[in-house]
Colleague: 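Can you keep this structure in mind? I'll have questions shortly.
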Protein chains: 2
Amino acid sequence: VWALGEFGLIARLTTGLETRPDVLLAAGDDAALLDLCGTGGDQVLVATCDAQVEGRHFLRGIASPEEIGHKALAVNLSDVAAMGAEPRWVLVSLLLPPDLDVALLDGVYAGMRALARRYGVSIVGGNIAATDGPLTLDLTLLGAVERGRALTRSGGRPGDTLLVTGALGAAAAGVLAATGPGGAVALPDDVRERVRAAMAAPEPRLREGQALAALGTVGALLDVSDGLAADLGHLCDASGVGAVVEAERVPIAPDAVAVSSAIGRDPLELALMGGEDYELLFSVRPDAVAAAIEAVRTAGGQATVIGHLTDAAQDRSLRFADGAVRPLPRLGWDHLRSDASTPV
Amino acid sequence: VWALGEFGLIARLTTGLETRPDVLLAAGDDAALLDLCGTGGDQVLVATCDAQVEGRHFLRGIASPEEIGHKALAVNLSDVAAMGAEPRWVLVSLLLPPDLDVALLDGVYAGMRALARRYGVSIVGGNIAATDGPLTLDLTLLGAVERGRALTRSGGRPGDTLLVTGALGAAAAGVLAATGPGGAVALPDDVRERVRAAMAAPEPRLREGQALAALGTVGALLDVSDGLAADLGHLCDASGVGAVVEAERVPIAPDAVAVSSAIGRDPLELALMGGEDYELLFSVRPDAVAAAIEAVRTAGGQATVIGHLTDAAQDRSLRFADGAVRPLPRLGWDHLRSDASTPV
């Protein structure tokens with residue numbers, strides 16, 4: 001089944017699905033938008049699910065039980081952030097191997113509940129099933145957004161300025177430091193711990209997403225889960241636009257630079273293709289850039305201009321300060337090959 | 001982790017969970033009830049999830065790919081039926097082993113889509129993840145019910161009459177015929193096939209559930225997934241009542257009788273403890289019994305009186321025609337021990 005690639009498989013399974021008039025947005029964005037209230041209410045339901053599988057998305061011994069629970073919820077919160085929406089309720093589906101220690105599960109729940117509490121999310125149900133496979137946490141997150149305010153991948157227009165929150169590459173550096181050649185490389189303890197934590201316990205950009213949705217000037221928005229290059233490709237595909245990224249403007253996490261240097265890799269590669277940073281990638285009208293940066297700052301984050309959208313729909317370029325232009329590689333974290341997990 | 005038992009584990013994980021004012025009903029019933037629309041709308045959101053794990057809930061070779069997809073959705077539809085609600089949207093989370101044939105997945109989707117179409121449900125998203133474990137289909141079903149109309153497990157009152165839709169035991173007979181000693185026992189081909197289909201492709205009682213919710217006289221209602229004895233225990237626990245079941249009135253599927261006879265087991269045992277029948281168990285005021293039976297009949301089903309609720313909260317009894325009374329065994333399909341799957 002992997003031979004199709006993740007996106008080939010998603011296309012195969014979701015093409016031609018029956019729909020209903022109350023489905024405002026279905027498979028293909030960060031979350032579905034569903035109209036429960038009809039003319040009676042101004043809130044639209046937001047629904048997304050994402051699974052974390054032991055050995056693929058987390059490793060016991062590297063991530064603590066609390067971090068495993070945190071990440072399982074965080075990746076779903078990030079999808080709600082990517083719609084500019086407010087998270088409300090979560091259903092937790094657990095697949096439990098028979099030999100699992102219940103103390104580990106207590107820790108997982110403690111981590112999940114601590115993060116849920118911070119964002120006012122309530123665990124309202126779920127499922128428990130036995131499996132002979134790996135421990136798996138499959139969460140469905142439900143939220144709400146004001147009708148007409150949701151941000152999608154398809155709102156980008158040529159000429160829009162492209163921005164990203166935070167800095168990129170630390171989570172990928174954590175993967176390399178924990179499981180790759182970096183494991184054998186000398187790294188300062190504090191760097192090793194910070195990139196481990198970036199990988200194991202990402203922070204969803206909820207306040208930033210909501211602040212951007214409130215502006216009314218944001219074109220497209222999605223979260224950087226597959227890697228900047230791949231997720232920019234999703235944005236361009238959905239919006240029917242091209243993009244130019246200024247290589248020197250891409251904000252790279254200092255710890256990603258440190259890990260890259262130690263193992264002899266290009267830090268830009270980590271930032272463009274690493275994935276799992278859960279920052280927000282978005283486009284705004286050029287005259288609204290300053291206000292967007294300020295809105296993100298007020299929400300507690302930071303946003304950096306990294307390029308712009310073009311009308312050359314198939315063109316995704318990386319431009320360097322010396323004038324050189326290279327095609328931006330499409331490949332990010334293709335989950336069916338790298339065995340990660342992706343909402344469809 | 002299994003040492004706690006399923007319900008012990010659920011209690012451990014769900015006790016003391018933070019809630020929100022818009023959570024009308026959380027973990028502990030067939031589905032959660034959530035207030036998205038507030039004062040603006042008369043629809044309440046219904047949310048439930050249930051996972052099907054290969055080797056535990058379905059077996060390739062016994063169930064067709066289409067039946068695997070059908071059942072994954074049917075068990076979730078049954079939880080929505082058990083609230084008297086209308087299903088609308090489903091998110092499909094797939095855990096795929098690397099060697100999975102994509103043709104099998106096409107069949108699974110065909111079965112899921114055919115059932116979704118029959119009930120007007122739209123697949124609106126989901127997730128794909130790789131696993132080294134068994135093929136797993138984890139579905140979250142979202143639906144709607146008119147405010148104040150949802151039927152729960154806790155509405156039973158002493159004196160209520162107890163009824164069940166359809167007939168019980170065929171799914172458990174299917175398990176025995178396919179995997180137990182029945183596999184070696186001579187059974188007529190048509191019986192063997194019907195009990196296999198009852199196990200592999202159960203029919204959710206959606207129209208029956210909705211018809212009962214519309215009456216306004218139903219006390220408690222839930223679906224029979226764990227077995228009549230266990231699910232009646234849930235109803236009694238949630239409602240704070242006891243129950244007496246008249247053994248001779250329990251409707252046993254004729255095919256379950258045939259399989260029981262062939263392998264020398266008591267058919268009543270299958271009907272009381274087998275599980276996975278996905279019929280509805282409910283209580284109504286004695287003066288509303290005839291109307292409830294008629295409502296279920298009009299919805300295309302049948303309902304049978306099997307006993308009544310009492311004020312002896314800890315008493316769950318089985319009464320025989322000769323006057324003998326035995327305690328109704330609590331044990332049904334305890335999922336953590338029998339390795340099935342249960343919404344919490």
Side-chain angles (χ1 to χ4, degrees), chain A residues 1-2 4 6 9-10 13 17-20 23 26-27 32 34 36-38 40-41 43 45 47-51 53 55-56 88-89 91 93 95-96 98 100 102 105 109 113 116-117 120 122-134 136 138 140 142 144 336 339 341-344, chain B residues 1-2 4 6 9-10 13 17-20 23 26-27 32 34 36-38 40-41 43 45 47-51 53 55-56 88-89 91 93 95-96 98 100 102 105 109 113 116-117 120 122-134 136 138 140 142 144 336 339 341-344:
Chain A
V1 70
W2 298 154
L4 288 172
E6 176 194 9
L9 186 56
I10 289 174
L13 296 180
L17 287 178
E18 290 77 7
T19 188
R20 303 169 41 109
V23 177
L34 307 166
L36 179 73
C37 310
Q43 297 291 303
L45 179 65
T48 185
C49 68
D50 202 344
V53 181
R56 293 172 186 268
R88 294 196 179 179
W89 312 294
L91 291 97
S93 183
L95 298 169
L96 305 179
L100 190 74
V102 73
L105 210 51
Y109 259 71
R113 287 172 69 169
R117 204 177 298 124
S122 171
I123 300 173
V124 297
N127 190 72
I128 296 179
T131 181
D132 296 314
T136 300
D138 193 7
T140 297
L142 304 172
L336 282 202
D339 303 333
S341 167
T342 288
V344 297
Chain B
V1 71
W2 297 156
L4 288 173
E6 175 192 11
L9 187 56
I10 289 174
L13 298 179
L17 286 178
E18 289 77 6
T19 188
R20 303 168 41 107
V23 177
L34 307 166
L36 180 74
C37 310
Q43 296 292 303
L45 179 64
T48 186
C49 68
D50 201 344
V53 181
R56 292 171 187 269
R88 293 195 179 180
W89 312 294
L91 290 95
S93 183
L95 298 169
L96 306 179
L100 189 75
V102 71
L105 210 50
Y109 259 70
R113 288 172 68 168
R117 203 177 298 123
S122 171
I123 300 173
V124 296
N127 190 73
I128 297 179
T131 182
D132 296 314
T136 301
D138 192 7
T140 297
L142 304 172
L336 283 203
D339 305 332
S341 169
T342 287
V344 295

Colleague: Atom CG in A:Asp50, atom CD1 in B:Ile128: separation rounded to 0.5 Å?
Modeller: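 That separation rounds to 11.5 Å.
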Colleague: With a 4.5 Å heavy-atom cut-off, do B:Arg20 and A:Val124 have their side chains touching?
Modeller: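 Not touching, per the 4.5 Å side-chain cut-off.
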Colleague: Please enumerate all residues that pass side chain to side chain donor-acceptor pair (under 3.5 Å) together with A:Ser93, with sequence neighbours excluded.
Modeller: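 Expected list: B:Asp138.
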Colleague: Most heavy-atom pairs under 4.5 angstrom with chain B, which of A:Ala32, A:Gly38, A:Gly120, A:Pro98?
Modeller: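 Among A:Ala32, A:Gly38, A:Gly120, A:Pro98, the one with the most close pairs to chain B is A:Pro98.
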Colleague: CG of A:Leu36 to CG of B:Leu36: how many Å apart, nearest 0.5 Å?
Modeller: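 That separation rounds to 5.5 Å.
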Colleague: Could you look at B:Arg117 and say if it's the side chain, the backbone, both or neither that has a heavy atom under 4.5 Å from chain A?
Modeller: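 Contact with chain A: side chain only.
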Colleague: If you tally heavy-atom pairs under 4.5 Å against chain A, which of B:Leu95, B:Leu34, B:Val102 wins?
Modeller: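 The option with the most such pairs is B:Leu34.
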Colleague: Got a sec, which residues hit side-chain contact (heavy atoms from CB on, under 4.5 Å) with A:Leu100, two or more places apart in sequence or on another chain?
Modeller: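 A:Leu100: side-chain contact (heavy atoms from CB on, under 4.5 Å) contacts with A:Arg60, A:Leu96, A:Pro97, A:Leu104, A:Leu105, A:Leu135, B:Val1.
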Colleague: Taking all heavy atoms of A:Leu91 and all of B:Cys49, pick out the closest pair and write down the distance.
Modeller: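 For A:Leu91 versus B:Cys49, the nearest heavy atoms are CD2-N, 4.0 Å.
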Colleague: So A:Asp132 and B:Arg56, do their side chains get closer than 4.5 Å, heavy atoms only?
Modeller: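 Yes. Closest side-chain heavy atoms under 4.5 Å.
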Colleague: Pick whichever of B:Pro134, B:Ala144, B:Ser122, B:Gly133 has the most heavy-atom pairs under 4.5 Å with chain A.
Modeller: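 Ranked by contacts with chain A, first place is B:Ser122.
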Colleague: Does some side-chain heavy atom of A:Leu45 sit less than 4.5 Å from a side-chain heavy atom of B:Leu142?
Modeller: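 Answer yes - side chains close enough.
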